[in-house]
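Below, chain A is the first sequence line, B the second, and so on; all start at residue 1.
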Amino acid sequence: MPVASPERYLAGLNSAQREAVLHTEGPLLVIAGAGSGKTRVLTHRVAHLITAVGVKPNEILAITFTNKAAGEMRERLTTMLGPVARAIWILTFHAACGRMLRSEAERLGYKSNFTIYDSQDQVRLVKQVLDDLDKDPKRFVPRGIHAQISKAKNQLVSPALYRERVASFYDQTVAEVYELYQKRLHASNAVDFDDMLMLTVEVLERFPEARKRWQNAFRYVLVDEYQDTNHAQYRLLQLLGEKHQNVCAVGDPDQSIYAFRGADIRNILEFERDFPDTRTIALEQNYRSTNAILEAANAVISCNSERKEKRLWSELGDGEPVRVVEVEDEHSEARYVAAQIAGLIDEAYAGSEIAVFYRMNAQSRVIEQVLRLQGVGYQVIGGPRFYERAEVKDVIAYLQVLDNPPDAVSLLRIANRPRRGIGDTTLARLVTYAEGRGISLYEALSHPQEAGLGTAAVKAVTGLANLFDSLRSAAQELEVPELIQAVYDRTGMIDAFEAERTIEARGRIENLEAFVDGAREYESSTEVSTLSGFLQEISLFSAQDELTGESNVTLMTIHNAKGLEYRAVFVVGVEEEIFPSSRSIEEQGIEEERRLFYVGLTRAQERLTLTHASSRLLWGRTNSNLPSRFLDELPDRHVERERLRASSWRNYGTPAQTRDIQPRVEHPSLETGDSVRHGTLGEGVIVRIEPGGLVTVRFASDGSERKLMLDYAPLEKIA
DNA sequence: GGTAGCACCAAAAGC
DNA sequence: TGGTGCTACC
């Protein structure tokens, strides 16, 4: 069994890191620059608390934002400490709140097996409520209203408080919707994602016994990515840390990029004010990138005024200069990036060590096209998540109704899926009837006649009620995977997809099968397998762990890239209106945009290339964008700027040119160092040959370097 | 009650 | 340009 000894684990740390590990008592703020070994500090600190300070594992609460981060931390601690690591509370904000809330749910009138609604469910519920209140859905867009409600909850604004603060007619409507929305959730024994935080805070604030219980439970609290916390999360930490004051926040204000979803950078900037006698430690030594890359990043971020001064440095040498390349349009940009990637792979970079970042998902398409054409393996991170797929959500909705029958949103979702003749009219009647009688929609299913339904509808609804009866008794006897199978069989979901006979339906069936596999995994990984337990687990799970790509080049938005690193990074579309985005320019969000750019730059270990196009087709329109202002903020040192000649690129990478079999053959007769003669430019020397038939020639006449396409340039070798 | 076709709109995304 | 959500029609 691996046991960490202080000598061993302290030896691998620099002095700032060591101090952060050893300063165990009282509030601690660790400003951790990109690549400065933040996770190392967190894990070592926990190990130190347990092995040297003698803290019990279950007295430590380590909070992250993502399941992935929590999983990684647990894994590393298991390596260091062995099985005791299992008892530490290493959880996401939501999972931690979920645990506390389940055991305190009764205080707020919920049952502990409450259902958790994701954002899709939330919007559906808002829609229903708007409908019931007879609001014009054009004036009051469900998504927009939901955003308001979510924002209010993040700020711990209850429906009552919201109503007090109403400042416009629109607000007035939101207040009405918010109130009814919250009542509906409660009636369904359901909470939404935002409630998990807000209600946990409410329990801790309103019930002193609960507050004492959890304050005593956690002697030490650690939070990762503190710069991304919103007000509710901030308040939660205050409450939990109030007694022991052993709150350790780790984060980097320069990497705060989630204001748009409620994160408040002031939480980290004002931590020292909020927790008196805070010790602050800055980690500035970077173990990831060359100095060329860090100097570029430092120069850009220093243009922000809302920050804590910090300067990253590394011992990894200057490295290759950062390259800024101007291309003609998004197609030549894609071809250029593809050619460069091919070159890196020739230089023995693995595909998985290379990434392409963009500001918005829509930019990935062109890049994907060219990479496919070039035969370069790639994976795109982002896009629809497994558990958000419609068919998967359908099964989950069935399971949720079985587990928690009052859950009306789930019941409405699957009442007519697959089609069984229960339309909107029928459902509306049932809903009205249920409300009139003060019963749940589920109970109303057993009284179709009383609800005033026609003969056909009565038959259909009775069929549904019977289906649920049969599934509920199945749920008593079967394990989760078998129960899911029973849902497939008795609802005819799979049959319905099979009848479609389309590729799309095939894919849906595969997803449903994968879902059963997921349930099997759950069953084997837990001691007591229950339906409730399974649902709780998956409702907080979401795929960010698709990042396991083998040898593939990775394509993703910069937001997705946070926390990751690659030997070579390309950032495309570094143009005004794109990056910074037009919205951020209008709304004065440039500082956050600059931080996002900074996050992108600091992902690179060795090579960093930034491209911008002089024109670009976006949303059916061609725009000419200026190079991004961020490019002007780069230093001259270690930065190389070049412009690709349009003509050399026009046809590169198009199907006729594609070398399918041997995509990267070099021109056989030329090597670096060869002398060549160009038809119009005269004599020169080859300084670089890149795959894709690209050569760089330094011309003797003026010493200038030009990038040329071998296939087109009038070049001949001279002796 | 189901579906085809059209109009509309457009960032980023964790749980 | 491409995906989505609603209206009009079968």
Tell me whether the side-chain N/O atoms of [X] come closer than 4.0 Å to OP1 or OP2 in [N].
X	N	answer
A:N361	B:dA12	yes
A:N67	B:dG14	no
A:R261	B:dC15	no

task = Please confirm whether A:R261 makes a cation-pi placement over A:Y258, using NZ or CZ under 6.0 Å from the six-membered ring centre and within 45° of the ring normal.
result =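 Judged by the rule (NZ or CZ under 6.0 Å from the ring centre, within 45° of its axis), A:R261 counts as positioned above A:Y258.
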Measure [atom1]/[X] against [atom2]/[N] and give the value in whole Å, please.
X	N	atom1	atom2	result
A:I578	B:dA10	CD1	C1'	12 Å
A:M556	B:dG14	CE	C1'	16 Å
A:H146	B:dA13	NE2	P	17 Å
A:E577	B:dA11	CD	P	14 Å
A:M360	B:dA13	CE	P	12 Å
A:K151	B:dG14	NZ	P	21 Å

Once you apply a heavy-atom cut-off of 4.0 Å, does [X] come out as touching a base, just sugar-phosphate, or nothing?
X	value
A:F193	base
A:R359	base
A:S581	base
A:D194	nothing
A:S582	nothing

Starting the side chain at C-beta, find the nucleotide from [options] nearest to [X].
X	options	value
A:T425	B:dA10, B:dA12, B:dG1	B:dG1
A:N560	B:dG14, B:dC15, B:dA11	B:dG14
A:T66	C:dT1, B:dG14, B:dG2	B:dG14
A:R419	B:dC15, B:dG2, B:dA13	B:dG2
A:L540	B:dA13, B:dA12, B:dC15	B:dC15

With rounding to the closest Å, how many angstrom separate the [atom1] atoms on [N] and [M]?
N	M	atom1	result
B:dA12	C:dG5	C1'	23 Å
C:dT4	B:dA13	P	15 Å
C:dC6	B:dA11	C1'	24 Å

How close do [X] and [Y] get, counting heavy atoms only, and between which atoms?
X	Y	answer
A:L555	A:S364	CD2-O, 4.4 Å
A:H559	A:F260	NE2-CE2, 3.6 Å
A:A415	A:L427	CB-CD2, 3.7 Å

inquiry  = On DNA chain B, compare the nucleotides closest to A:R420 and A:E593; which residue's is nearer the 5' end?
reply    =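 Result: A:R420.
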Residue whose nearest DNA chain B nucleotide is more 5′ - A:H559 or A:T426 =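 Its nearest nucleotide being more 5', the pick is A:T426.
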inquiry  = Under 5.5 Å centre to centre and under 30° between planes: does that hold for A:F260 and the six-membered base ring of B:dA12?
reply    =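 Check passed, A:F260 stacks on base of B:dA12.
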Could you give the side-chain donor-acceptor pairs of residues 122-131 of chain A under 3.5 Å, partners two or more places apart or in another chain?
residue	atom	partner	partner atom	Å
A:Q122	OE1	A:H146	NE2	2.6

query = So which pairs with a foot in residues 119-138 of chain A pass ring pair (Phe, Tyr, Trp, His ring centres under 6.0 Å), sequence neighbours left out?
reply =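 Matches after skipping sequence neighbours: none remain.
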message = Run the side-chain contact (heavy atoms from CB on, under 4.5 Å) test against A:N466 and tell me which residues pass, sequence neighbours left out.
response =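 Once residues adjacent in sequence are excluded, the partners of A:N466 under the side-chain contact (heavy atoms from CB on, under 4.5 Å) criterion are A:T462, A:D469.
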message = Listing request: all salt bridge (charged side-chain N to carboxylate O under 4.0 Å, His left out) pairs with a residue in residues 360-371 of chain A, at least two apart in sequence or in separate chains.
response =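 Found A:E368-A:R372.
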task = Using the test ring pair (Phe, Tyr, Trp, His ring centres under 6.0 Å), find all partners of A:F597 that sit at least two apart in sequence or belong to another chain.
result =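 For A:F597, the residues satisfying ring pair (Phe, Tyr, Trp, His ring centres under 6.0 Å) (neighbours in sequence not counted) are A:F579, A:F630.
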What's touching nucleotides 6-10 of chain C from the protein side, N or O pairs under 3.5 Å?
none

